[in-house]
Protein chains: 2
Amino acid sequence: MTTGQNRTKRATQSDVAALAGVSTAVVSAVISSKPGKTIRVGKEAEKRVREAMETLGYAPNVVAQSLAGGKRNIIGVFTYEAIFPSDSENFFYPFLLGIERGAMQLGQDLLLFTSSSFEQGPRSIFPNGANRMGVADGAILLGEEPDKSELKQLYDTGFPFVTIGRRDTKDADLNWVAADYTTAVSDVVDRCASNGHRTLKFVGATKVREQNMDREAGFLNKQGNGLTLSVERLAADDIDANWLQKCLDDGNTVVLTETFKHAVALEQQVLARHGNIPETISIVALAAPLNRSKDVERWTRISVPREEMGELAVRNLISQIRTPGHTAITATLPCGFVPGTTLTKI
Amino acid sequence: MTTGQNRTKRATQSDVAALAGVSTAVVSAVISSKPGKTIRVGKEAEKRVREAMETLGYAPNVVAQSLAGGKRNIIGVFTYEAIFPSDSENFFYPFLLGIERGAMQLGQDLLLFTSSSFEQGPRSIFPNGANRMGVADGAILLGEEPDKSELKQLYDTGFPFVTIGRRDTKDADLNWVAADYTTAVSDVVDRCASNGHRTLKFVGATKVREQNMDREAGFLNKQGNGLTLSVERLAADDIDANWLQKCLDDGNTVVLTETFKHAVALEQQVLARHGNIPETISIVALAAPLNRSKDVERWTRISVPREEMGELAVRNLISQIRTPGHTAITATLPCGFVPGTTLTKI
DNA sequence: TCAGATTGATTATGCGTATAATCATCTCGG
DNA sequence: CCGAGATGATTATACGCATAATCAATCTGA
């Protein structure tokens with residue numbers, strides 16, 4: 001083993017400045033060489049500074065940069081749940097994939113806020129009142145937020161952020177990137193109709209958030225045109241033999257399920273009465289699990305452009321950071337329709 | 001939409017201090033009321049300060065706290081490849097899971113270095129000469145590194161880091177967390193022996209790195225004791241009918257495969273000659289893919305404690321950061337043996 | 001030729017907090 | 001009644017960086 005590492009404190013701007021024989025202001029200017037700068041640096045000095053940085057292994061202290069109001073090229077990623085869940089179904093993953101791609105392209109590093117431990121209750125953006133995210137230039141918020149007032153609070157601080165998924169708040173003008181569920185579901189209804197279906201049922205989750213509203217709206221948009229549409233919101237467990245019987249009695253030939261659980265529950269009931277999908281009744285899954293297991297492939301379903309959403313969220317966040325103060329950026333990305341074997345012609 | 005964001009600055013310690021009629025030092029002391037403090041606060045003053053904090057909605061600025069405390073509470077995660085690969089097999093994931101857990105417990109945020117885009121060639125720790133990771137307090141290095149000299153270079157800068165996977169370098173004293181492949185493979189040999197196997201073959205990857213050496217060593221450790229052990233390193237593609245024939249002719253009753261590809265290739269050859277696993281020959285997979293598909297479960301194999309490795313890497317990194325200058329921390333975690341159906345008694 | 005523009009750099013200051021160094025009282029035993 | 005110790009609070013400074021305010025030197029053109 002060698003003598004050990006050079007344990008003197010990390011090099012600072014002053015160290016670099018001293019070695020290069022210039023002032024710290026010059027070093028600072030070299031690091032963040034922006035166009036309309038109040039302080040200019042000559043070729044020669046810049047070279048010396050860069051050499052000094054290299055020999056000292058200097059890297060700016062982001063925390064100090066933050067305090068002083070500089071740019072860090074770091075964007076935060078905040079989730080209310082653990083970002084790397086241990087159970088198989090990793091909801092965040094496809095988004096992260098897109099986020100990483102976007103970050104790479106724009107030269108940003110990704111800061112995951114894992115520090116705000118959620119020993120008691122869920123994570124909070126403001127654990128003991130402080131916004132832990134301040135070190136980043138802005139943040140992308142992922143997943144369900146239990147506390148919408150936190151969004152308002154964050155908004156009020158002026159910290160730039162983009163949520164993935166639409167967020168409506170009366171008193172805040174939020175940036176978000178969302179999937180166009182409305183159009184996607186309308187499209188599904190059209191496809192069903194052109195397959196001969198006339199009586200369709202939408203079965204949704206009981207917890208109603210923005211995206212659930214959108215799906216329902218996309219469904220009900222298609223009211224008329226000789227179609228009979230009904231909406232029902234219930235827990236997947238409530239889909240039992242009786243429910244199915246009534247559903248069939250009402251003449252429904254296709255059910256649009258908002259969650260995969262509902263789809264599976266429905267199929268089970270059909271199988272239980274020795275029926276078949278799609279012969280007994282067709283199903284279109286408006287949401288499907290992420291892992292590409294064989295069992296998912298057979299479902300006729302909607303696909304959500306998660307990677308694209310993540311990538312776009314980064315781009316929009318950067319726009320918001322670069323030119324702050326203007327109106328919110330919102331984006332809606334089209335979903336895909338994935339043909340399977342659970343929707344039939346009649 | 002409202003008029004826009006509340007752009008009035010957040011309340012600071014000074015504001016609170018002014019309102020409470022005390023100095024900022026008192027406010028600071030009230031906030032972080034630690035035991036052996038150099039500055040004391042009276043009951044009365046504390047009460048006024050708390051009231052002032054309440055009415056002003058004061059929240060400490062974490063960034064400033066960090067700066068003043070000289071800590072960033074940020075640990076970096078560096079990978080030479082994209083950390084969120086799009087192909088199904090996500091090598092990093094289980095490690096990240098453990099890393100997040102460790103970071104949470106220790107109040108650290110995670111900085112993923114996605115900015116050093118690798119358009120030309122692999123990522124580098126030192127793009128344009130500067131250590132990109134300096135923004136963090138330390139870092140965890142994940143995955144294969146093509147350039148071992150970079151590790152030495154990083155080591156020389158005094159930047160604290162821990163690699164996941166053993167790293168041997170003559171002229172550097174590195175911190176690492178690794179799986180105990182040696183013991184694990186020795187253990188496999190023992191189990192085979194107690195199942196009646198006497199002639200065993202180790203089939204390994206051609207690319208030999210530290211962990212491959214460890215596995216081989218664990219295997220050869222068991223030389224003697226009436227066992228006939230042979231080691232062969234070849235590409236999975238080179239496992240053909242001839243190779244299998246020779247393997248059987250040599251009297252081998254079990255093969256330890258270092259990669260899953262080798263295991264699959266071997267099984268294919270067995271099936272091709274209308275044999276069966278484990279009747280024709282037993283296989284123990286020393287490495288298995290991560291996704292818990294059914295096909296993995298049937299293999300008798302070694303499991304690597306990836307999550308624990310990630311978590312421990314964080315702990316050790318923090319130790320290294322908090323008490324710098326002492327000798328390197330290395331850790332070896334035991335692997336598990338997972339019984340499957342590909343190893344039989346004879 | 002010389003005032004104004006341009007270039008290259010310095011000095012001074014602020015960001016919000018933590019804390020070491022002080023200082024002013026008050027208490028109390030002898 | 002006095003000095004030692006305890007108590008409560010202030011002042012000063014550092015953390016590392018960005019940048020506004022300046023300043024000196026050089027260049028430009030009429």
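The sequence lines fix the lettering, A, B, ..., with proteins before strands; numbering per chain opens at 1.
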A/I31 CD1 to D/dT19 P: how many Å, rounded? 11 Å
What is the distance from CG of B/L67 to C1' of C/dT17, rounded to the nearest Å? 9 Å
Under 4.0 Å from OP1 or OP2 of C/dA18: is there any side-chain N or O of B/Q65 that close? yes
Can you find a side chain N or O atom of B/T12 that sits less than 4.0 Å from OP1 or OP2 on C/dG16? no
Is the NZ atom of A/K152 crowded by more than 12 outside heavy atoms at less than 6.0 Å? yes
Considering all heavy atoms, the nearest B/Y58-B/T12 contact: CE1-C, 3.5 Å
So, A/E54 and A/R50, do they make that salt bridge, N to O below 4.0 Å? no
Can you check whether B/L112 reaches A/L112 side chain to side chain, under 4.5 Å on heavy atoms? yes
Provide, to the nearest angstrom, the distance between the CZ atom belonging to B/R72 and the P atom belonging to D/dC15. 13 Å
Bend angle of the helix from C/dT1-D/dA30 to C/dG30-D/dC1, from helix axes over five pairs at each end, nearest 10°: 50°
Rounded to whole Å, CG of A/N61 lies from C1' of C/dC15 at a distance of 13 Å
Distance, rounded to the nearest Å, where A/Q13 contributes CD and D/dC15 contributes C1': 13 Å
Using a 4.0 Å heavy-atom cut-off, write out nucleotides 5-10 of chain C from 5' to 3' as B (base contacted by protein), S (sugar-phosphate only) or - (no contact). --BBBB
Pairwise distance CD1(B/I83) to CZ(B/F78) - rounded to 0.5 angstrom: 10.0 Å
Atom-pair distance (CE on B/M53; P on C/dT17), nearest Å: 11 Å
Can you check whether A/I125's main-chain N or O pairs, donor with acceptor, with A/E150's side chain at less than 3.5 Å? yes
CG (A/D109) and CD (A/E100) are apart, to the nearest 0.5 Å, by 10.5 Å
Close side-chain approach of B/L96 and B/F84, heavy atoms under 4.5 Å: yes
So CG of A/L141 and CG of A/N175: to nearest 0.5 Å the spacing works out to 11.0 Å
